[in-house]
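Some notes on the structure that comes next.
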Protein chains: 2
Amino acid sequence: MATRTDAPTRREQILKEAARLFAERGFHGVGVDEIGAAVGISGPGLYRHFAGKDAMLAELLVGISGQLLTGAKRRLAEVEADGGAKAEAVLDSLIEGHIDFALDDRPLITLHDRELDRLRDSDRKMVRQLQRQYVELWVGVVREVYPGLGEPAARSAVHSVFGLLNSTPHLGRGGSLPGRGATAELLHRMARGAFAAAGV
Amino acid sequence: MATRTDAPTRREQILKEAARLFAERGFHGVGVDEIGAAVGISGPGLYRHFAGKDAMLAELLVGISGQLLTGAKRRLAEVEADGGAKAEAVLDSLIEGHIDFALDDRPLITLHDRELDRLRDSDRKMVRQLQRQYVELWVGVVREVYPGLGEPAARSAVHSVFGLLNSTPHLGRGGSLPGRGATAELLHRMARGAFAAAGV
DNA sequence: CCTTCAGGTTAACGACCGCTAACCTCCCTG
DNA sequence: CAGGGAGGTTAGCGGTCGTTAACCTGAAGG
């Protein structure tokens, strides 16, 4: 993984702040002036970087979905290349990846299942397709680990575990929670426990 | 439980439709004219029943939080009166109650953790207090069942299980899911499995 | 039968919001 | 050193939205 060290571009600054604001107050609850102010420029200046407010949301949501899917595919390939295609190991890797994302990009996780309907039709279709592929990838792995699970039940289980993992924004943002590592480990155990209980 | 058989009042109609619309498109994404149209009257007619759009959201959120807390307290008392104070039975009852709510009032479950910040300060404080009491009630019961869990971990676990149970809106609204009973049972098993995995 | 009032209606106001227009100012480059 | 584009600025337009005002109507009550 090529870790970024260079300064973020203005576009990236804007996207980051927009994500935070959208997550806090909802897409319709944030004005372009506020987004501009958050990066030190004023409202209409944003239009030098984005076609409009909708375009920012679209880029955020497509980006998230794509990143999740790409990461999952990479993890699947990595583990399978790494000796035996142990389904359990793949599932653990998927869970770990999703937790990393949920812990590091809470605003995005929040947006991802909240503002989808504010997108233009074509963008929404694209995001939905990426999300569906991501879910189906999980469903396949889960059914490999728990062959007793039917496909509908597996899909429900996957959605529910996403709900569990995506609860990070509700986990006291302050210093009250037991540190990132412990939280990640707790979430991982709970996800595995939930799947195990689902798998008869 | 006194089951309602009389027709819903206009106020109740309005609240129900408003909840659905707010859940679908977000508080700021819905106009008063749409809410009015959904119950067959036109925009400003709503002001005969509510002080304003904010008041509808406030009544919805306070109502949800209060209902959840009241139901949980009742279940706690019921099980404890019913012979031995078996903590496992209380936890099962809490889970069952939450699932019933999440399955029967999906729009409310959605609103409940999404539009809280759109409330006036006083209303938000009240909702937060009710929510906190609900969480703490769960935390107490969970720690009784799993004494190995520290308080912060138990609280995190409870929030995560809420995320799991509240995933019902994502569980294909169409006929693709395996029926209400099976879904409720699956969610229940997964919640118990998640807690068990959390409890060392 | 007259009054009253709950529960509607339409018109319109003021505020806000997304976006465009017009303009300015560096900095890079031929 | 001219000039041109990238990236800002402010002013303002058009539309939408929450809310109020003024008016209407049908049914209940004395």
Side-chain angles (χ1 to χ4, degrees), chain A residues 6-62 107 111 114-124, chain B residues 6-62 107 111 114-124:
Chain A
D6 46 333
T9 71
R10 174 116 296 182
R11 268 183 74 88
E12 289 167 339
Q13 273 183 61
I14 294 171
L15 283 176
K16 185 181 159 198
E17 295 301 314
R20 185 178 55 81
L21 288 166
F22 289 160
E24 278 173 12
R25 299 212 281 283
F27 179 68
H28 291 295
V30 181
V32 289
D33 289 355
E34 300 177 75
I35 303 174
V39 296
I41 70 181
S42 230
L46 297 170
Y47 288 75
R48 299 286 167 197
H49 303 277
F50 293 93
K53 199 180 148 191
D54 300 358
M56 301 181 207
L57 182 64
E59 188 156 330
L60 282 171
L61 293 189
V62 173
L111 282 185
R114 187 169 297 196
E115 307 284 356
L116 181 59
D117 299 322
R118 265 52 108 197
L119 254 50
R120 281 175 28 229
D121 271 25
S122 62
D123 291 324
R124 187 172 55 244
Chain B
D6 46 332
T9 71
R10 178 117 287 188
R11 269 183 72 88
E12 289 167 340
Q13 273 183 60
I14 295 171
L15 283 176
K16 186 183 159 197
E17 294 301 314
R20 185 179 55 81
L21 290 166
F22 289 160
E24 278 174 11
R25 300 211 280 283
F27 179 68
H28 292 295
V30 181
V32 290
D33 289 357
E34 299 178 75
I35 303 174
V39 297
I41 70 181
S42 229
L46 297 171
Y47 287 75
R48 299 285 167 196
H49 303 277
F50 294 93
K53 200 179 149 191
D54 300 358
M56 300 180 207
L57 182 65
E59 188 156 329
L60 283 171
L61 292 190
V62 173
L111 282 186
R114 186 168 299 195
E115 306 285 356
L116 181 60
D117 299 322
R118 264 52 107 197
L119 254 49
R120 282 176 26 231
D121 272 25
S122 63
D123 292 323
R124 188 171 55 244

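Remark: C1' of dT16(D) and CG of Asp33(B) are 10 Å apart, rounded to the nearest angstrom. The distance from atom CZ of Phe50(B) to atom P of dG8(C) is 12 Å, rounded to the nearest whole Å. For the pair Lys53(B) NZ and dT20(D) C1', the interatomic distance rounds to 17 Å; values are reported in whole Å. To the nearest angstrom, P of dG7(D) lies 11 Å from CZ of Arg11(A). Rounded to a whole Å, the CD atom of Gln13(A) is 9 Å from the P atom of dG8(D).
At the phosphate of dG18(C), neither OP1 nor OP2 sits under 4.0 Å from any side-chain N or O atom of His28(A). Dashed line: the shortest gap from a side-chain N or O of His49(A) to OP1 or OP2 of dA6(D) is not under 4.0 Å.
Here Gly45(B) lies in heavy-atom contact (under 4.0 Å) with a base. Heavy atoms of Val30(A) sit under 4.0 angstrom from primed sugar atoms or phosphate atoms, though from no base atom.
For Ile41(A), counting side-chain heavy atoms from C-beta on, the closest listed nucleotide (dT9(D), dG18(C), dT9(C)) is dT9(D). Looking at the side chain of Arg10(A), the nearest of the listed nucleotides dT19(D), dG8(D), dT10(C) is dG8(D). Nearest nucleotide to the side chain of Pro44(B), out of dT20(D), dG7(D), dG18(C): dT20(D). Out of dG18(C), dT9(C), dT9(D), the shortest distance to the side chain of Tyr47(A) is found at dG18(C).
Atom CG of residue Asp54(A) and atom CZ of residue Arg118(A) lie 11.5 Å apart, to the nearest 0.5 angstrom.
When the nearest nucleotides of DNA chain D are assigned to Gly52(B) and Arg48(B) by heavy-atom distance, the more 5′-ward of the two goes with Gly52(B).
Glu115(B) places a side-chain N or O within 3.5 Å of a backbone atom of Phe27(B) that can act as its donor or acceptor partner.
Between the side chains of Arg120(A) and Ser122(A), at least one donor N or O lies within less than 3.5 Å of an accepting N or O.
Of all heavy-atom pairs between Ile35(A) and Ala18(A), the closest is CG2-CB, 4.1 Å.
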